[in-house]
Amino acid sequence: MNRADLRSARKWFALAAAIVVADQIVKGVVLGHFSPGEQRPVTDFFNLVLVFNKGAAFSLFSQAPGWQAPILTTFALVASVVVGYFIVRSPGKLLFCLGLALILGGALGNVIDRLRFGQVVDFLDFHAFGWHWPAFNVADSAISVGAVILVLEGFLGREKRPDAAS
């Protein structure tokens, strides 16, 4: 790996760090202005609410007896190392590294919550037509957008391969 690649990789890690900082600042504001369970309507379909999620995405495993915080933290840290490796190996792949940086920042933002509180702080609450989405946060949003970008990159980033039958 040359120095230009390392400089290029640094910008992706800086983006991930910016997501962590933004996530933690917003969570700090919410924690400072809301009581647990407090809900403030913003629109007919969106509320701000302070909830704590002991589980994974979309409250998966949230009712489990307590094993989830260490397991999910370990998984996120291992995944972060793997994501970091891929960023360092391919810093010039714009969409690929953008998606990875968003996922990395989001994963680390939620890891900080799990280490501090044993659960994740969620506060964005969308609902419409009798349907209610589980509350989420900035880190979750970054992870979701990053995953969508990786899927798109998988379709758009494929090089044309010569036809094997020719």
Side-chain angles (χ1 to χ4, degrees), residues 9-87 94-154:
R10 275 191 224 134
K11 72 180 175 190
W12 300 117
F13 290 116
L15 174 59
I19 290 164
V20 171
V21 169
D23 177 63
Q24 291 300 304
I25 288 172
V26 173
K27 287 174 180 172
V29 169
V30 170
L31 287 167
H33 290 87
F34 285 76
S35 299
E38 182 180 352
Q39 183 175 346
R40 295 186 193 166
V42 177
T43 69
D44 288 343
F45 60 88
F46 173 62
N47 304 318
L48 292 174
V49 62
L50 175 57
V51 294
F52 295 95
N53 178 6
K54 292 182 181 184
F58 312 114
S59 299
L60 185 66
F61 308 126
S62 64
Q63 301 303 317
W67 55 262
Q68 56 284 52
I71 296 293
L72 294 172
T73 299
T74 301
F75 177 77
L77 290 172
V78 170
S80 295
V81 170
V82 171
V83 166
Y85 170 80
F86 284 119
I87 289 172
L94 179 68
L95 284 178
F96 182 67
C97 287
L98 176 60
L100 291 177
L102 291 170
I103 290 170
L104 179 61
L108 293 175
N110 283 339
V111 162
I112 291 169
D113 286 9
R114 289 188 197 287
L115 293 174
R116 286 178 68 197
F117 310 115
Q119 53 198 350
V120 174
V121 176
D122 288 330
F123 53 88
L124 301 170
D125 179 37
F126 285 90
H127 54 90
F129 308 110
W131 180 74
H132 203 106
W133 192 259
F136 59 99
N137 58 44
V138 172
D140 298 334
S141 300
I143 293 167
S144 298
V145 170
V148 168
I149 289 171
L150 288 180
V151 169
L152 290 174
E153 192 276 338

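Note that the numbering runs from 1 along the sequence shown for the chain.
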Measure the [atom1]-[atom2] distance between [X] and [Y] for me, rounded to the nearest 0.5 Å.
X    : Y    : atom1 : atom2 : result
L102 : I19  : CG    : CD1   : 4.0 Å
F96  : L152 : CZ    : CG    : 14.0 Å
L94  : W12  : CG    : CH2   : 4.5 Å
F123 : L31  : CZ    : CG    : 9.0 Å
I112 : T73  : CD1   : OG1   : 11.0 Å

Scanning both residues in full, the closest heavy-atom pair of L108 with S80 reads CD2-OG, 3.6 Å

Which heavy-atom pair separates A139 from G106 by the least distance, and what is that distance? CB-O, 3.2 Å

Is the shortest side-chain heavy-atom distance between V82 and F86 below 4.5 Å? yes

4.5 Å side-chain heavy-atom contact, V26 and N137: no

For the NE2 atom on H127, are there more than 12 heavy atoms of other groups (residues, nucleotides or ligands in this structure) within a distance under 6.0 Å? yes

Can you list every pair that meets salt bridge (Lys or Arg N to Asp or Glu O under 4.0 Å) and has a residue in residues 18-35, with sequence neighbours left out? D23-K27, K27-D113

No-hydrogen, no-angle side-chain donor-acceptor test under 3.5 Å, N110 and N53: no

Parallel under 30°, tilted from 30 to 60°, perpendicular over 60°: which one fits the rings of F126 and F136? parallel

